[in-house]
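Scroll down for the structure; my scribbles are underneath it.
Computed from a predicted model, the values in this text were never measured in an experiment. Chain identifiers are assigned alphabetically (A, B, ...) following the order of the sequence lines, protein sequences preceding nucleic acid strands; residue numbering begins at 1 within each chain.
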Protein chains: 2
Amino acid sequence: MRWEELDRQPCSLARTLSVIGDRWTLLVIRDCFLGVRRFEQFEARLGIARHVLADRLKKLTEAGVLAKVPYQERPRREEYRLTEKGLALHPALIALLDWGDRYMSGPEGAPMQRRHRTCGHVTQGIMVCAECGEPLDPREMSVEPGPGAPGDLALPERAGKTP
Amino acid sequence: MRWEELDRQPCSLARTLSVIGDRWTLLVIRDCFLGVRRFEQFEARLGIARHVLADRLKKLTEAGVLAKVPYQERPRREEYRLTEKGLALHPALIALLDWGDRYMSGPEGAPMQRRHRTCGHVTQGIMVCAECGEPLDPREMSVEPGPGAPGDLALPERAGKTP
DNA sequence: GGCTATCAGTTCGAAAAAAGAACTTAATTC
DNA sequence: GAATTAAGTTCTTTTTTCGAACTGATAGCC
């Protein structure tokens, strides 16, 4: 498949990656969740080429993950805010952070931690079943065609079995 | 920052992306979760340049996400299996799939669905707090330096506030 | 032995994307 | 007019991916 055709793949991961899969994009989104909103701030924190940053911000805006919001009129200035669509990437961000905390930290532990203000604890996420509330274990999941599946959906033989 | 320095960033997301952030890598991992194990199978499903695929498989193996396991001896053949470290990417995969299901599907719905065999339902994931069990809402989370934080960790001003 | 097939890569030239730096535009202030 | 701020845009070079072919190590068949 071609990278630019990801959004047409019969697979939601591929479609997601068509929006967030380019180099640096998830780090831009991370910074949005940390409250960063302005071009110069992103640029200073990320230290990436300005035109790459501009490209990523533009694509996220076009995809509806970010919205440009004016913060002053004279001269007109805009900043980038997460939309609800963008905020909905939070579980993915948490999962990726938790994985990095666990597998990519040294003996000193994770560089940052997240506090759940509702209960007051420093915490991590657990991905549970929306139907029964049990944690989702890959060995207990099977995959099947969904309502939007094309007639010739290519699922490998082992799709219903343990990875 | 430079892409090849991601694993040294004081941020677990960046460190995670140093392993899974290259173009195509997450789709390789998706296929692993679907039970795909062999080079030709990955190649046939993904349709990407063979040396890019080989590079991604190699990097994932070096990072400990995949393990090469012999499946025959004459001639010796090996396949790629998710390790525990690799399986631990499941919550992230589910979150990304769910996001794509919700925001990147047409009116006909998602192309694939996941059945939780424990309860028997077609389902999605919910990211909940490991401490209190409530769903994690980005507006209820704050970020702070962790035990492995460097002395000069750069958290933006708004890091404790709503995104 | 030669040929074909299978499998898992590796190599090579072309195209695309990212890196690095400078420039542009549109204000505002002194 | 010059300097500053902010948000980009343009240009050249380097790196990564694309597309295709090739290689190496078997095994089986004639």
ask   = Where along residues 59-70 of chain B does a heavy atom come under 4.0 Å from DNA chain C, residue by residue in number order?
value = B/Lys68
A/Asp22 vs B/Glu78, nearer the 5' end of DNA chain C by closest nucleotide = B/Glu78
inquiry  = Rounded to whole Å, how long is the line connecting atom NZ of B/Lys58 with atom C1' of C/dT11?
reply    = 14 Å
key: Euclidean distance, atom CD of residue A/Glu43 to atom C1' of C/dG20 [Å, nearest integer]   = 11 Å
key: Protein-nucleotide distance (A/Leu53, atom CG; C/dG20, atom C1'), rounded to Å   = 14 Å
key: First encountered from the 5' end of DNA chain D, between A/Ala54 and A/Met1   = A/Ala54
Which atom pairs, donor and acceptor, lie under 3.5 Å between side-chain atoms of residues 85-100 of chain A and protein residues at least two apart or in another chain?
{"residue": "A/Lys85", "atom": "NZ", "partner": "A/Ala63", "partner atom": "O", "Å": "2.7"}
{"residue": "A/Asp98", "atom": "OD1", "partner": "A/Arg114", "partner atom": "NH2", "Å": "2.9"}
{"residue": "A/Asp98", "atom": "OD2", "partner": "A/Gly125", "partner atom": "N", "Å": "2.8"}
{"residue": "A/Trp99", "atom": "NE1", "partner": "B/Lys85", "partner atom": "O", "Å": "2.9"}

request  = Would you mind building the protein contact string for nucleotides 21-30 of chain C? One character per nucleotide, 5' to 3', B for base within reach (heavy atoms under 4.0 Å), S for sugar-phosphate only, - for untouched.
outcome  = -B----SS--
Side-chain N or O of A/Trp24 closer than 4.0 Å to phosphate OP1/OP2 of C/dA17 = no
query = Rounded to the Å, how far apart are B/Arg38 CZ and C/dG9 P?
reply = 12 Å
message = Whole angstroms only, please: what is the CZ-P distance between B/Arg37 and C/dA8?
response = 13 Å
query = Sub-3.5 Å donor-acceptor pair from the side chain of A/Gln72 to the main-chain atoms of A/Pro75, do we have one?
reply = yes
request  = Looking only at non-hydrogen atoms, find the nearest pair between B/Val36 and A/Pro156 and report the distance.
outcome  = CG2-CG, 3.8 Å
ask   = Quick one: how far along DNA chain D does chain B reach, first to last nucleotide 5' to 3', anything under 4.0 Å to a heavy atom?
value = D/dT17 to D/dA27
Lys/Arg N to Asp/Glu carboxylate O, A/Glu79 vs A/Arg77, below 4.0 Å = no
message = Using a 4.5 Å cut-off between side-chain heavy atoms of Ile, Leu, Val, Met, Phe, Trp and Tyr, which other residues end up in the same hydrophobic cluster as B/Val128?
response = A/Ile126, A/Val128, B/Ile126
query = Among side-chain atoms of A/Thr123 and A/His121, is any donor-acceptor pair under 3.5 angstrom?
reply = no
ask   = Has the side chain of B/Arg81 got a donor or acceptor atom that lies under 3.5 Å from a matching backbone atom of B/Arg37?
value = no
ask   = Got a donor-acceptor contact below 3.5 angstrom from the A/Ser105 side chain to the A/Asp101 backbone?
value = yes
task = May I ask you to decide if A/Arg139's main-chain N or O and B/Arg117's side chain share a donor-acceptor pair within less than 3.5 Å?
result = yes
inquiry  = From CZ of B/Phe42 over to P of C/dG9, roughly how many Å is that when rounded to an integer?
reply    = 11 Å
key: Expected output: side-chain A/Thr83 to main-chain A/Val65 donor-acceptor under 3.5 Å   = yes
query = So, is B/Tyr80 close to the C/dC7 phosphate, meaning a side-chain N or O under 4.0 Å from OP1 or OP2?
reply = no
query = What pairs meet the ring-ring contact (aromatic ring centres under 6.0 Å, His included) rule with one or both residues in residues 37-82 of chain B, with sequence neighbours excluded?
reply = none
